[in-house]
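Below is one structure, written out as structure tokens, with a few remarks after it.
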Amino acid sequence: MIKTIHIEDEKRNVILLDNLVRQHCSQSISMLGNAGNIEDAILLIKKVNPQLLFLDIELDGGNAFQLLDKIGEFNFQVIFITAYNNYAIKAFKYNAVDYLLKPIDTNELKTATERAVERINKSAGNPNLIELINYLKVNDKPQKIAVTVHDGILFVNADEIMRVEAKGSYCILHMVNSKTVTTSQGLGYLENLLPKKTFLRVHNSWVINTDFLKKYYRGKNSYMEMEDGTTVHVSIRKKGDLLDFLNNDM
């Protein structure tokens with residue numbers, strides 16, 4: 001079952017969608033909660049870790065795009081729901097599965113839900129297999145991690161990853177050979193796979209391999225220069241972690 005939440009500030013619409021999902025989509029998704037404003041939505045997302053959001057665009061005290069921007073990185077699928085059709089183009093820029101207008105058409109809801117489930121299953125691959133692969137360690141060989149790509153699972157040597165960049169619902173692995181690997185897995189998930197001895201989260205959008213750190217630039221807007229000449233900004237929240245890491249490594 002796909003873990004699903006509904007972000008909507010009108011109670012009658014919450015009840016209506018819940019009834020429609022129970023009647024027509026209950027075999028594929030499980031509705032696990034509702035929130036009506038941005039703050040509550042962020043808390044609910046952190047609590048449930050959903051795979052799918054039904055997301056109303058006009059929320060109490062803000063809108064759906066402000067919510068997604070505050071989250072920064074996310075790997076759930078989104079079905080936008082609204083009474084206004086003038087948001088359609090912007091909605092799809094956020095990689096929406098679909099865009100449903102109120103009042104919700106049952107057939108359109110079923111189609112959008114099926115499309116979301118297909119996306120989720122395709123991008124997730126076989127989670128048990130991936131977890132098994134990532135916990136297998138081969139003595140005297142570089143640690144490999146398994147990442148999902150569009151056509152399967154790719155095995156990557158961790159020590160050949162220079163940095164990992166979050167881009168919305170996906171991540172880009174920047175390799176030492178100047179090649180890149182795009183994966184649907186989130187930055188938090190990849191961070192947990194990578195060796196803690198050398199990899200460090202320095203920003204909401206960046207994990208770096210400190211073996212390739214060339215220089216750290218202090219200051220209010222501190223940043224790092226990597227050995228390939230690229231720069232990576234350090235967030236204020238992560239600056240202390242970076243300095244502790246560097247001091248312990250010296």
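It should be emphasised that the depicted structure is a prediction, and the values quoted were computed from it without experimental measurement.
- Here the CE-OG1 distance, from M226 to T231, works out to 10.5 Å after rounding to the nearest 0.5 Å.
- Although no hydrogens or angles enter the test, the distance criterion places a donor-acceptor pair under 3.5 Å between the side chain of N209 and the main chain of I161.
- No donor-acceptor pair closer than 3.5 Å links the side chain of Q77 to the backbone N or O of L52.
- The residues E165 and K167 are annotated as salt-bridged, a charged nitrogen and a carboxylate oxygen being separated by less than 4.0 angstrom.
- Proximity of a side-chain donor or acceptor of K179 to a complementary backbone N or O of H174 within less than 3.5 Å is not detected.
- You'll find the side chain of V78 stays beyond 4.5 Å of the side chain of D98, heavy atoms only.
- Between the CE atom of M224 and the CZ atom of R163 there is a distance of 10.5 Å, given to the nearest 0.5 Å.
- Distance CG/D69 to CD1/I71: 9.5 Å, rounded to 0.5 Å.
- Pairing each heavy atom of D60 with each of N37, the nearest pair is O-CB, 3.4 Å.
- With sequence neighbours left out, F212 forms a ring pair (Phe, Tyr, Trp, His ring centres under 6.0 Å) with no residue at all.
- A 6.0 Å sphere centred on NZ of K196 holds more than 12 heavy atoms belonging to other residues, nucleotides or ligands.
- Using bins of under 30°, 30° to 60° and over 60° for the plane-to-plane angle, the ring pair F65/F80 lands in the tilted bin.
- Distance alone, capped at 3.5 Å, is enough to place a donor-acceptor pair between the N19 side chain and the I15 backbone.
- Rounded to the nearest 0.5 Å, atoms NZ (K110) and CD1 (I104) are 14.5 Å apart.
- Tracing side-chain contacts under 4.5 Å through hydrophobic residues (I, L, V, M, F, W, Y), one reaches L32 starting from L44; they form part of the same cluster.
- Tested against K102, the residues E8, E10, E108 include a single salt bridge (Lys or Arg N to Asp or Glu O under 4.0 Å) partner, E8.
- Going from atom OH of Y170 over to atom NE2 of H150 covers 14.5 Å, rounded to the nearest 0.5 Å.
- Rounded to the nearest 0.5 angstrom, N13 CG and L20 CG are separated by 10.5 Å.
- The neighbour count for R115 CZ, taken as heavy atoms of other residues, nucleotides or ligands under 6.0 Å away, is above 12.
- Counted within 6.0 Å of CD on E225, heavy atoms from surrounding residues, nucleotides or ligands total more than 12; the atom is thus considered enclosed.
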Quiz item: Checking side chain to side chain contact (heavy atoms under 4.5 Å, CB included) for the pair I7/F54: CA distance, chi angles, key distance, verdict?
Solution: CA-CA 6 Å; I7 310 301; F54 286 102; over 6 Å; no
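- Contact annotation: the side chain of I153 never approaches that of V147 to less than 4.5 Å [non-hydrogen atoms, C-beta and beyond].
- Between S28 and T113, the closest side-chain pair of non-hydrogen atoms falls below 4.5 Å.
- Both I57 and L101 belong to a single network of hydrophobic side chains, linked directly or stepwise wherever heavy atoms of I, L, V, M, F, W or Y lie under 4.5 Å apart.
- You'll find the side chain of I172 stays beyond 4.5 Å of the side chain of V164, heavy atoms only.
- Not a single donor-acceptor pair under 3.5 Å links the side chain of E114 to the backbone N or O of T111.
- Taking the charged nitrogens against the carboxylate oxygens, R201 and D241 have no contact shorter than 4.0 Å, which rules out a salt bridge.
- The closest side-chain heavy-atom distance from T148 to L154 is not below 4.5 Å.
- Looking at every heavy atom in both residues, P50 comes nearest to I5 through CG-CD1, 3.9 Å.
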Practice problem: Could you walk me through whether Y216 and V234 pass the side chain to side chain contact (heavy atoms under 4.5 Å, CB included) test, one step at a time? | Solution: CA-CA 9 Å; Y216 169 65; V234 181; 4.3 Å; yes
Exercise. Would you sort out whether V207 and L200 count as a side chain to side chain contact (heavy atoms under 4.5 Å, CB included), showing the intermediate values?
Key: CA-CA 5 Å; V207 169; L200 183 68; 6.0 Å; no
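- Side-chain heavy atoms closer than 4.5 Å link hydrophobic residues (I, L, V, M, F, W, Y) into clusters, and following such links, even through other members, never connects L59 to V14.
- Checking each of V156, V181, T182 against V149 for a side-chain contact (heavy atoms from CB on, under 4.5 Å) leaves exactly one that passes, namely V181.
- Taking both residues in full, the closest heavy atoms of D228 and T230 are given as OD1-OG1, 2.6 Å, listed atom of the first, atom of the second, then distance.
- Between L190 and L173, the shortest heavy-atom contact is CD1-CD1, 4.0 Å.
- In summary, the side chains of T210 and T198 do not present any donor paired with an acceptor at a separation below 3.5 Å, with no hydrogens or angles considered.
- The main-chain N or O of G188 is found under 3.5 Å from a side-chain atom of N192 such that the two form a donor-acceptor pair.
- Here the shortest heavy-atom pairing between I38 and K70 reads CG2-CD, 3.9 Å.
- The nearest pair of heavy atoms linking D9 to G36 is CB-O, 3.2 Å.
- D159 places none of its side-chain heavy atoms less than 4.5 Å from the side chain of D211.
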Self-check item: Stepwise side chain to side chain contact (heavy atoms under 4.5 Å, CB included) test for S30 and T4
Solution: CA-CA 6 Å; S30 176; T4 307; 5.9 Å; no
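- The backbone N or O of R218 sits nowhere less than 3.5 Å from a side-chain atom of S222 that would complete a donor-acceptor pair.
- By the criterion of side-chain heavy atoms lying less than 4.5 angstrom apart, applied directly or through intervening Ile, Leu, Val, Met, Phe, Trp or Tyr residues, I208 is grouped together with L243 in one hydrophobic cluster.
- Under the salt bridge (charged side-chain N to carboxylate O under 4.0 Å, His left out) criterion, E227 pairs with no residue, sequence neighbours left out.
- Following chains of ILVMFWY side-chain contacts shorter than 4.5 Å, one cannot reach M1 starting from V21, and the two form parts of different hydrophobic clusters.
- For H203, there are no side-chain hydrogen bond (donor to acceptor under 3.5 Å, both in side chains) partners two or more places apart in sequence or in a different chain.
- For S26 (side chain) and Q23 (main-chain N/O), no donor-acceptor pair under 3.5 Å exists by modelled atom type.
- Between F74 and L68, some side-chain heavy-atom pair lies under the 4.5 Å cut-off.
- Counting heavy atoms from C-beta on, the side chains of N75 and Q185 never come closer than 4.5 Å.
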